[in-house]
Amino acid sequence: MVFTDALRAMAVKELSDKLKSKWVIVITIVFAVFTLIIAYFGSVSSGVVSFTNMSATIASLTSLAIYFIPILALTLGGGIIADERDRQTLDLYLASPISVFEFLAGKFIGLAASLAIPIIVGFCLPGFVLIFKAGSGSLTGFLMFVVNSIFLGIMFLSISFLVSVLIVERSKSIAFTVFLWLLFTILYDLSLVGVLIITKGVLSPKIFSLLLMLNPVDVYRILNFITIGQFSVILGLASVELPGFMNRYVLWVVNLFWIVSPLFISYFVFKRKYLK
Amino acid sequence: MKITFNEVTKRYGDVVALEKVTLEIAHGETFGLVGPNGSGKSTLMRLLLGIIKPTEGSVLFDGVLLDELGWIEIRRQIGYMPERVSFYDNLTGLETLQHFARIKGGSVSNIKDVLGKILSNEALRRRVGGYSKGMRQRINLAQALLNNPALLVLDEPTSGLDPVGVRELYGILDELKSVRNMTIVLSSHILAEIEEKVQRVGIMKEGNIKATGSLEELYRGFNLPLRLVITLREDGDRRIVELLKAEGMDSIAIKDGSLVTDLPRDKKMRVLSCILDHKDSFSDFTVREPSLEEVFFGIH
């Protein structure tokens, strides 16, 4: 049985720790306030102030989420093993009848839930106001945005687990997660645009799209813009078109790859490093 | 639970943390582990808990060599109290115990007979973040007992406890031992504590166990001298000192009216009969075995 008592206990502990520390509540409020502000004032540049334009709201929220959600996820998981090691509870777990899979998966599920709750509640509460104003036709689009945002958080949480397992010292681990955040949210896309300009368009749209799929932030962005049908706003490159293979289902598989592969590597690195 | 270390070596790259250690801890025994930092104590404990694997040799539980699943099963019977563990500040004492009970497949009700002696109800309701060092050690002990362990491994268990706390902790352990007949392995730097609590001791140095046995066996094995303490009467010291020096006992210290010297075992009867001939020079005397500390420093 996969969901053992020990796995559940780890997950519940992580979630209840984050709930009690008010982390979940604070982040929920921040998301809700941002969503309300963006939904209401998002179209102010075009001289409109109201809860009416769902596409513009999702586009603006996406721009916010690509910075906010990754850094939250990275800092949430980046020091998770170092924390346990520093407080000596790591040895306690390793000396308990819990497998490495139960330990890591339990922690991951608990933290993923801690991240998913603020995303769901923080986005959906003001989102329902928006749907009420914009019409129920926009419900699916908004819910897809929320689901994509949860995936974005979980992808970065998975990456942060790998960092935490690889780098034992908490300060170094956190520093590296901040570097990863910069890399995925800013440097990667800047480099891609730079390459495009230097090569004067030699890079084919197919290769360009494949390179975009290597970045979980871009995968998230593309999924959201597919949802609202405005792919051209990605990177501000109006000329870029989606190749046929780059559909929602392929991107979800890429999402899964970004979630599963860092966790898979974390499992083996952890076993090699701590149980040698 | 009987534990056997068969020529266990543990290397980390070129560093030898433990070298060809052979050790047997009997079922129901209380075994003490002493040694300075870096002597291999922690490595031995981690091997015992299955956290790390031997590079060479084997660790057997009741004569059985364990595979990965076997270790998970055997850990259901092991309680471990790490040194200075720091639990989660946001959880209450009770929530902490409930969490570890679920991890270990145990229950807080398993320790209801001793829990009241370890932590009060009021303390259990409080968040662990507000606990003193002593209370943290107490909850650490409580979590180690949650699964009714057959083997209890205690790493510096009295670290951070005041003298009353130390006495209470050992009192609880004595009680548990009498009721549950656990095998206990404990390490401590406070040798005087171990001396009173263990049946056998292992003295470690540079990745080796230099000596194992009951304290009596160790005293005799190393042929350490006895300790003679004489409470002198005024002006009586010179005669006694000269008498002892005549017997070849040169290392004599006099402090606060007491004379302290090492008494070779083979000279015990002769020296005692000599000093009894000068009863007017002293008011009292005692002869005692060397302490574990003296054995320890005799080896190091």
Side-chain angles (χ1 to χ4, degrees), chain A residues 1 3-26 76 79-107 109-111 114 168 170 267-268 270-276, chain B residues 10-13 17 42 45-55 68-92 95-96 98-107 127-129 136 140 143-144 146-147 149 151-153 155-156 159:
Chain A
M1 191 176 137
F3 289 98
T4 59
D5 286 347
L7 187 152
R8 217 172 3 245
M10 283 309 304
V12 168
K13 199 283 292 175
E14 290 302 332
L15 179 58
S16 93
D17 201 31
K18 289 291 166 289
L19 285 171
K20 286 193 169 198
S21 70
K22 312 270 193 301
W23 188 92
V24 172
I25 293 168
V26 169
L76 195 61
I80 201 84
I81 303 299
D83 272 353
E84 298 289 4
R85 200 188 66 126
D86 291 349
R87 57 172 79 240
Q88 286 213 24
T89 38
L90 183 60
D91 267 3
L92 197 51
Y93 287 119
L94 296 178
S96 298
I98 178 170
S99 67
V100 173
F101 171 78
E102 289 169 322
F103 175 71
L104 290 178
K107 273 194 167 298
I109 291 167
L111 290 179
S114 308
V168 176
R170 184 179 166 79
Y267 172 80
F268 288 104
F270 186 93
K271 280 188 102 168
R272 254 190 77 145
K273 204 163 182 169
Y274 294 97
L275 302 172
K276 59 189 174 186
Chain B
K10 181 67 190 175
R11 283 191 214 99
Y12 294 102
S42 295
M45 282 196 150
R46 289 165 69 81
L47 283 161
L48 179 63
L49 295 162
I51 296 174
I52 53 173
K53 309 281 177 282
T55 313
E68 197 168 336
L69 276 176
W71 270 110
I72 288 182
E73 279 311 306
I74 208 81
R75 287 191 196 118
R76 292 187 198 286
Q77 300 175 54
I78 298 177
Y80 172 46
M81 180 182 176
E83 185 190 2
R84 288 192 192 144
V85 67
S86 155
F87 293 110
Y88 310 103
D89 288 353
N90 290 318
L91 300 188
T92 65
E95 285 166 342
T96 302
Q98 285 167 337
H99 167 63
F100 282 100
R102 285 184 209 114
I103 296 287
K104 291 160 172 253
S107 162
R127 287 193 181 190
V128 174
R136 283 169 196 259
N140 192 4
Q143 68 73 25
L146 284 165
N147 51 336
L151 167 65
L152 191 57
V153 180
D155 192 1
E156 303 280 350
S159 176

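Model, not experiment: these values are computed from the prediction. By convention in this document, chain letters (A, B, ...) are assigned in the order of the sequence lines, proteins followed by strands, and residues within each chain are numbered from 1.
- Among A:A6, A:G106, A:P97, the residue making the largest number of heavy-atom pairs under 4.5 Å with chain B is A:P97.
- Expressed to the nearest 0.5 Å, how far OG of A:S16 lies from CG of B:L91 amounts to 5.0 Å.
- B:Y12 touches chain A through its side chain: at least one heavy atom from C-beta onward sits under 4.5 Å away, while N, CA, C and O do not.
- Contact check for B:R127 versus A:K20: side-chain heavy atoms found under the 4.5 Å cut-off.
- Distance CZ/B:R46 to CG/A:L275: 8.5 Å, rounded to 0.5 Å.
- Proximity to chain B (any heavy atom under 4.5 Å) is shown, for A:K18, by neither the backbone nor the side chain.
- Annotation: the span from A:Y93 atom OH to B:Y80 atom OH amounts to 14.0 Å, rounded to 0.5 Å.
- Residues A:Q88 and B:S86 fail the side-chain proximity criterion, which asks for heavy atoms closer than 4.5 Å.
- Looking at every heavy atom in both residues, A:S96 comes nearest to B:R75 through O-CD, 3.3 Å.
- Of the residues considered (B:R102, B:K53, B:H99, B:Q143), B:H99 shows the highest number of contacts with chain A, using heavy-atom pairs under 4.5 Å.
- Residues B:F87 and A:R87 share a closest heavy-atom pair of O-NH1, 2.8 Å.
- Distance CG/A:D91 to CG/B:L49: 8.0 Å, rounded to 0.5 Å.
- Each of B:E83, B:K10, B:Q77, B:M81 has some count of heavy-atom pairs under 4.5 Å with chain A, and the biggest count is that of B:E83.
- In this structure, B:Q98 CD and A:K13 NZ are separated by 14.5 Å, a value rounded to the nearest 0.5 Å.
- Residues satisfying the side chain to side chain donor-acceptor pair (under 3.5 Å) test with B:T92, not counting sequence neighbours, are B:E95.
- Summarising the geometry, atom CG belonging to A:L94 is positioned 12.5 Å from atom CH2 belonging to B:W71; distances are rounded to the nearest 0.5 Å.
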